[in-house]
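Inspection log for the structure reproduced underneath, given as structure tokens.
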Amino acid sequence: EILEKKVKDNFMKRNLAYVLLLMLVAVASCSFTNKTFENDDKDKLLLDLISYVLEKGHYEPKALNDDFSVNVFEDFIDVIDPTKRYFLASDIQEFEKYKFQIDDEIKNTDITFFNVVYERLMQRMSDAKEIYKEVLQTPFDYGEDESISIKYEDEPFAASRSELKERWRKQLKYATLGTYDSKISHMEKEDVPTKKDVDSEAVINFDDAKPDDDHDHSAHTPEEAEIESRKSTEATLDEFFDFVDDLERKDWFVQYINTIVDEFDPHTFYFAPEEKEKFDTSMSGKFEGIGARLQKKSEGAKIVEIISGGPVWRDQRLEVGDEIIKVGQNGEEPINIVGMRLDDAIKLIKGAQGTIVDLTVRKVDGSLEEVSLTRDVVELEESYAKSATISRGKEKFGIINLPKFYVDFNDYSERNAATDVAKEVDRLKEEGVEGLILDLRDNGGGSLKTVVEMAGLFIKDGPIVQVRSKDKNKDVYDDKDERIQWDGPLVILVNELSASASEILAAAMQDYKRAIVIGSKQTFGKGTVQNVIPLNNMLRSNEHGDLGAIKITTQKFYRINGGSTQLEGVKSDIVVPDKYSYIDLGERDQSNPLGWDKISPADYKIWDGYIDYDKTISDSKKRMAENPQIKLIEENAKWLKSEQDETEISLNYNTYKEEKEKDKEQSDFYKKLTDYDSKLTFQSLGYEQELFTQDSVLRDKRNRWHKNLAKDVYVEEAVNVLEDLKMNNQNTKEKT
């Protein structure tokens with residue numbers, strides 16, 4: 001969903017507004033700057049610059065008042081001590097005198113609150129090193145009946161050192177439970193799979209017959225397992241604090257700045273110079289890491305997006321909602337990242353292309369799993385549109401999968417999502433398909449120009465999306481090409497991870513009543529536009545070097561019916577449950593999202609076609625109510641929600657073991673969801689089949705895709721709907 005925009009003074013006048021992005025990246029003109037910034041203190045200068053840009057440039061600037069001050073106060077403490085294992089209650093009481101003063105400090109470029117908190121944090125982290133060493137000298141009693149709450153936000157800060165030590169004891173006992181269990185149960189697999197046993201795209205190295213890491217894979221007695229678990233946890237903490245010790249004051253100050261910035265909305269963000277370079281690199285498409293976007297959580301780093309073509313996407317074992325809690329390097333002792341800054345956790349996860357990273361992950365269902373991935377760049381080819389025919393008896397339909405709305409900003413004509421989808425539509429028409437499915441699930445967005453052009457493939461002409469700026473003026477972006485590439489039955493598939501450009505296209509087709517939208521209750525709900533402003537551009541002279549950049553929300557998207565896609569996303573015409581149905585995902589799970597609102601609708605005419613919305617939706621609901629696979633998916637979603645809501649964890653080993661086995665049994669039960677067979681037949685188009693003779697990897701990828709599609713109840717229901725629409729279409733033609 002990260003895009004690029006070139007801001008030009010005559011942008012709208014010359015009708016080049018298409019280049020607007022779902023997240024704009026460029027050198028801003030900074031035309032609102034009429035202030036001189038001078039300060040010998042770099043931190044204060046940075047605060048002055050950023051607060052000014054937020055006030056003058058943000059789409060919906062926040063009032064700097066006592067409420068804002070309280071939010072920054074609470075959020076900054078939570079960011080640097082999420083598990084409440086550093087600060088004492090007396091520290092928080094001492095900080096309280098700044099609780100209503102931070103807004104005034106920002107206005108006066110004062111950083112006293114940060115300085116006080118930072119100095120105390122350094123002291124408490126030094127104390128923590130002594131505490132965990134003390135705790136780990138004493139054996140843990142896994143027979144004791146006690147528990148720990150991992151809903152840390154509801155826990156008070158410790159009143160004394162002894163109380164803090166007890167908190168550390170429980171947290172460390174909890175941290176060792178998994179290790180203790182694996183050692184005492186001898187859970188390492190005796191047989192390591194060979195290459196022929198795994199998918200051709202697996203990224204784990206199975207060259208050796210036995211594990212080649214430094215872990216002790218032998219079985220242990222309970223006493224040995226307990227000792228080894230404490231040793232392992234101590235080594236992890238030693239590495240964690242070595243890592244923290246390398247952080248400089250400026251690193252913590254960036255965290256403070258971003259706490260202030262984050263109060264405006266979740267997509268407004270300050271990039272320190274080093275992070276700006278990484279951002280620029282990611283914009284070029286040269287991702288080197290695991291290919292996933294992470295979000296900070298108290299229990300680790302939550303996967304919120306999987307990048308098509310990256311290592312995680314290819315490996316298939318990790319999914320959105322999983323939380324990374326430990327990171328290791330090619331068999332070395334992993335580092336626990338719980339409580340670590342997200343930026344620092346990402347530094348551990350990223351690395352040179354071809355190296356291996358070991359991730360200990362708490363799955364969506366609560367189980368723990370270690371996944372080893374080979375760091376690599378994203379395969380751009382896997383983010384491009386692909387299509388297949390779907391056969392059921394004598395009927396033939398087409399499906400186009402679009403992972404993102406891609407574009408080459410240096411040369412739009414080179415390759416883009418709109419022209420590629422148009423080619424796939426033409427190819428499917430040549431195959432004689434009678435209905436079309438456009439799969440936008442997991443599509444995080446992309447170029448707005450491609451959205452407008454792609455929407456134009458399915459309607460004659462008219463408005464596609466509205467954009468409103470800070471000045472509240474709106475611009476309407478139209479499809480002006482009267483050609484219709486596809487006028488037959490159309491279904492659009494979405495889920496909770498369909499965002500930005502995906503939502504614009506789905507919303508437009510829904511408003512025109514051109515397509516039936518099938519999927520989750522709602523899409524992601526990101527209806528905002530960002531612009532990146534290099535802060536050095538704000539200064540006439542600068543002796544402090546590179547000051548980084550700020551990504552700031554400047555506009556909002558609106559449907560042609562006037563409603564925003566922000567927060568509420570697009571609500572499916574036909575709702576099909578999935579495993580995320582009851583889990584908070586999307587914009588509503590972000591911090592401080594902008595709200596939903598409505599503006600005047602654009603001037604548009606409903607599609608003069610065949611769609612009988614009410615009957616089509618009614619028939620679909622009847623089918624799904626009788627479908628056992630749908631019922632099983634719904635049950636699985638409710639179970640996953642109950643697992644996530646469980647925040648009280650037993651520290652008694654027998655209880656832990658019983659609960660783990662019960663969860664595994666339930667998880668295995670729901671694995672039969674993957675055994676489903678829709679009886680649909682999928683086939684690559686002719687031009688791809690010709691490529692298969694020389695590209696066996698491509699053939700294997702397509703076979704895997706087709707195999708997954710055949711198990712997909714979303715696709716099956718989409719075909720059912722297309723059949724209904726086809727009949728409606730035939731009836732309409734007969735009447736005319």
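No hydrogens, no waters, no symmetry mates; every other heavy atom, side chains included, goes into these values. The structure displayed is predicted, hence computed values, not measured ones.
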I'd like to check the side-chain hydrogen bond (donor to acceptor under 3.5 Å, both in side chains) partners of [X]; sequence neighbours left out, ordered by chain and number.
X	result
Asn636	none
Asn627	none
Thr389	none
Gln590	none

Quiz item: Taking the six-membered ring of Trp313 as reference, does the NZ or CZ atom of Arg293 fall below 6.0 Å from its centre and within a 45° cone about the axis?
Solution: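 No, Arg293 and Trp313 do not form such a contact.
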Quiz item: Cationic tip of Lys429 within the cone over Trp486's six-membered ring, i.e. under 6.0 Å and within 45° of the normal?
Solution: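 Because its charged atom misses either the 6.0 Å distance or the 45° angle limit, Lys429 does not stack over Trp486.
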Practice problem: Just jot down the side chain to side chain contact (heavy atoms under 4.5 Å, CB included) partners of Phe669, sequence neighbours excluded, or say none. | Solution: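 Checked Phe669 against side chain to side chain contact (heavy atoms under 4.5 Å, CB included); matches are Leu632, Lys672.
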Taking salt bridge (charged side-chain N to carboxylate O under 4.0 Å, His left out) as the test, write out the residues that go with [X], two or more places apart.
X	result
Asp573	none
Asp677	Lys679
Asp695	none
Lys571	Glu568

Quiz item: What distance separates Ile464 CD1 from Arg559 CZ, expressed to the nearest 0.5 Å?
Solution: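 Reported value, rounded in 0.5 Å steps: 12.5 Å.
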Quiz item: What ring pair (Phe, Tyr, Trp, His ring centres under 6.0 Å) pairs are there with at least one residue in residues 491-519, not counting sequence neighbours?
Solution: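 As it turns out, the ring pair (Phe, Tyr, Trp, His ring centres under 6.0 Å) pairs with a partner in residues 491-519, which skip direct neighbours, are Tyr512-Tyr604.
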Practice problem: Check the surroundings of atom NZ in Lys621: do more than 12 heavy atoms from other residues, nucleotides or ligands lie under 6.0 Å from it? | Solution: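 Open.
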Practice problem: Determine, stepwise, if the pair Ser678 / Glu716 fulfils side chain to side chain donor-acceptor pair (under 3.5 Å). | Solution: CA-CA 6 Å; Ser678 65; Glu716 180 185 32; 5.4 Å; no
Exercise. With side chain to side chain donor-acceptor pair (under 3.5 Å) as the test, would you mind laying out the steps for Thr355 and Arg375 before giving the verdict?
Key: CA-CA 6 Å; Thr355 57; Arg375 299 178 177 101; 2.7 Å; yes
Quiz item: Looking at residues at least two apart in the chain, or sitting in another chain, which of them share a ring-ring contact (aromatic ring centres under 6.0 Å, His included) with Phe682?
Solution: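 Phe682: no ring-ring contact (aromatic ring centres under 6.0 Å, His included) contacts found.
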Self-check item: salt bridge (charged side-chain N to carboxylate O under 4.0 Å, His left out) contacts touching residues 436-448 (sequence neighbours left out)
Solution: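 Sorted pair list: Asp439-Arg441, Arg441-Asp712.
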